[in-house]
Amino acid sequence: MSEEFGVAPAQAGWLAKERPRTGVIDMNGAKTLLQDLDDAIARGTDESRARALWHATDILITGRYSDDEISMFGEVIGRLADEIEVAARTQLSELMAACDHAPLNVIEKLALDDEIAVAGPVLRDSTRLDEKMLVESALTKSQSHLLAIAQRKSIGEAVTDVLVKRGDQEVVTSVARNEGARFSGSGLLHMVRRAEGDSILAEQLGLRKDVPRHIFQQLISKASEDVRRRLESERPEMMAQIQSSVTEVTGDLQSKFGPSSRSYFVAKRVVTTQYRQGNLNQDSISNYARQHRFDEVQIGLSLLSALPVDVIERALMDRNREMILVLCKALNFSWDTTMSLLFLGAKDHLITARELQDNEREFSRLKIETSRSILKFYQSRKTGAGADAGRQPELQVH
């Protein structure tokens, strides 16, 4: 056995530091080498094991191997990694993080190391880590581990869901700033909640181009004036769209059917009585819509949503159907009822199949909690503007 490495003299050359970084070891050569390295683990000193580790790593990184051969390297490197100190494991992690064919068992071992100096390079940079392993690390390890994951070039929804729930302020802000991160609807909602009182997070979230308008709307409804001003400067197109939906009405908007007409006041009296008796609900609105009774619908929705009639009218007739979708979801209306309202407000009561499918998809994606938050934002911006709707009640859900 070689005194330096604890391996047979004939194989010691494979481990010499001067070994040229060229060529590919064939399968038999790799097996022989790995067997000798395994012997070094069993019989060698701490120093020889460390040398064996670096040479095995060097050979792996500079060669091209099959999956089976890589797995064999992984067995040996994994055993050697258990025997070395933190500083050496950190160096190994840096090498493995940059290796696109690093053994999976070694990558996973490093990623789950309690020492962030060891786990960090792999968690940040390794392309060999799958989503399942990232989630496991995010669920069980320290905030420093979460921060390393938040800095990856690409992060899937399952991982960001954990980061935004478990992560501290630095982690959540980092993942919000990461353009390669993707968020689920629930993940974005959690971020919005965490952004309350956190102007840095609110601004970072508001700057993301992938935040849907209804989420952006909820975000700015809870943001400080400073954050709103900054977002208005950075996202003028988004703010303009939102503002157009909630701009105060300076004058009375005439109803499509004439709010001053006798039929309108008759409808108002009937629907208001129905509301006071507790009989105004989704079924009532749906029936009115199917009969094309526009006055009854807008008055009824005004009472149920605590929004002025003119706002309801615009929501029904606006070509952008987002507000009516949000309103229906906030009131917990079914898609059938929502669809009847869409047809009621459409030109000539006609909607293309494609548009209807798009609206249904958007309606399904909306969450009741989100929609109610947006509705409260509308209500706060319309305070005192709804004289035509009579007493503005709190949001009612039937």
Let me confirm one number: the CG-CD distance from Leu207 to Glu179, rounded to the nearest 0.5 Å. 10.0 Å
Show, in sequence, the C-alpha distance, side-chain angles and deciding distance for Met96 and Leu92, and conclude whether the side chain to side chain contact (heavy atoms under 4.5 Å, CB included) test is met. CA-CA 6 Å; Met96 291 292 99; Leu92 177 64; 3.9 Å; yes
Looking at Arg124 and Gln151, would you say the former's side chain and the latter's main chain have a donor-acceptor pair under 3.5 Å? no
Closest non-hydrogen atoms of Leu231 and Ala202, given as atom of the first, atom of the second and distance, are CD1-O, 4.4 Å
Sidechain N-carboxylate O distance under 4.0 Å for Arg229, Glu232: no
Criterion side chain to side chain donor-acceptor pair (under 3.5 Å) on Asp100 and Thr127, from CA distance to verdict: CA-CA 7 Å; Asp100 60 7; Thr127 58; over 6 Å; no
Closest non-hydrogen atoms of Leu146 and Ser137, given as atom of the first, atom of the second and distance, are CD1-O, 4.3 Å
Evaluate the side-chain proximity of Val162 to Ile149: yes if any heavy-atom separation is below 4.5 Å, no if none is. no
For side chain to side chain donor-acceptor pair (under 3.5 Å), just list the numbers for Asn281 and Ser284, CA-CA rounded to whole Å, side-chain angles, deciding distance to a tenth of an Å, and then say yes or no. CA-CA 5 Å; Asn281 52 36; Ser284 311; 3.1 Å; yes
Compile the donor-acceptor pairs under 3.5 Å between side chains in residues 191-198 and protein atoms, sequence neighbours left out, one pair per line.
{"residue": "Arg193", "atom": "NH1", "partner": "Glu369", "partner atom": "OE2", "Å": "3.0"}
{"residue": "Arg194", "atom": "NH1", "partner": "Val164", "partner atom": "O", "Å": "2.9"}
{"residue": "Arg194", "atom": "NH1", "partner": "Gly167", "partner atom": "O", "Å": "2.6"}
{"residue": "Arg194", "atom": "NH2", "partner": "Gly167", "partner atom": "O", "Å": "3.0"}
{"residue": "Glu196", "atom": "OE2", "partner": "Lys222", "partner atom": "NZ", "Å": "3.3"}
{"residue": "Asp198", "atom": "OD1", "partner": "Ile200", "partner atom": "N", "Å": "3.3"}
{"residue": "Asp198", "atom": "OD1", "partner": "Leu201", "partner atom": "N", "Å": "3.1"}
{"residue": "Asp198", "atom": "OD2", "partner": "Gln169", "partner atom": "NE2", "Å": "3.0"}

When you measure from the side chain of Ser174 to the backbone N and O of Glu170, does any donor-acceptor pair fall under 3.5 Å? no
Got Tyr288 and Val271 here, is their nearest side-chain heavy-atom distance under 4.5 Å? yes
Distance from Leu331 atom CG to Thr338 atom OG1, nearest 0.5 Å? 9.0 Å
With side chains defined as the heavy atoms from C-beta onward, is the minimum distance between Leu304 and Ile285 less than 4.5 Å? yes
Closest non-hydrogen atoms of Ala181 and Thr160, given as atom of the first, atom of the second and distance, are CB-CG2, 4.1 Å
State whether the side chain of Arg152 and the backbone N or O of Leu123 hold a donor-acceptor pair below 3.5 Å, judged by distance alone. yes
Check whether any side-chain heavy atom of Met317 lies under 4.5 Å from a side-chain heavy atom of Phe294, and answer yes or no. yes
Restricting to non-hydrogen atoms, name the atom on Ser305 and the atom on Leu327 that form the minimum distance, rounded to 0.1 Å. CB-CD1, 3.4 Å
When rounded to the nearest 0.5 angstrom, what is the spacing between CZ in Arg293 and CG in Leu344? 12.0 Å
So does Phe363 get a backbone contact from the side chain of Lys329, meaning a donor-acceptor N/O pair under 3.5 Å? yes
Reported CG-to-CD distance for the pair Leu325 and Glu360, which is rounded to 0.5 angstrom: 10.5 Å
Any Glu355 side-chain heavy atom under 4.5 Å of Arg321 side chain: yes
Would you say that Leu375 contacts Leu307 through its side chain, given a criterion of any heavy-atom pair below 4.5 Å between the two side chains? yes
Taking only Lys NZ, Arg NE, NH1 and NH2, and the carboxylate oxygens of Asp or Glu, determine whether Arg230 and Glu203 approach each other closer than 4.0 Å. yes
Asp113/Lys109 under salt bridge (charged side-chain N to carboxylate O under 4.0 Å, His left out): CA gap, chis, key distance, verdict: CA-CA 6 Å; Asp113 199 297; Lys109 184 189 295 286; over 6 Å; no
If we ignore hydrogens and angles and just use 3.5 Å, is the side chain of Ser126 paired with the main-chain N or O of Ala97 as donor and acceptor? no
Does Asp130 pair with Lys132 as a salt bridge, N-O distance under 4.0 Å? no
On a heavy-atom basis, the closest approach of Ala289 and Val297 is N-CG2, 3.6 Å
Side-chain heavy atoms of Leu163 within contact of Val172, under 4.5 Å: no
How many angstroms lie between atom CZ of Phe216 and atom CG of Leu188, to the nearest 0.5 angstrom? 13.0 Å
Heavy-atom closest contact (Arg228 atom, Ala223 atom, distance): NE-O, 3.5 Å
Rounded to the nearest 0.5 Å, what separates atom OG1 in Thr273 from atom CG in Leu280? 11.0 Å
List the steps and the verdict of side chain to side chain donor-acceptor pair (under 3.5 Å) for Thr337 and Ser334. CA-CA 5 Å; Thr337 298; Ser334 67; 3.3 Å; yes
What I want to find out is whether Asp295 reaches Lys268 closely enough, with some N-O distance under 4.0 Å, to be called a salt bridge. no
Side chains of Val175 and Phe183, heavy atoms from C-beta outward: is any pair under 4.5 Å? yes
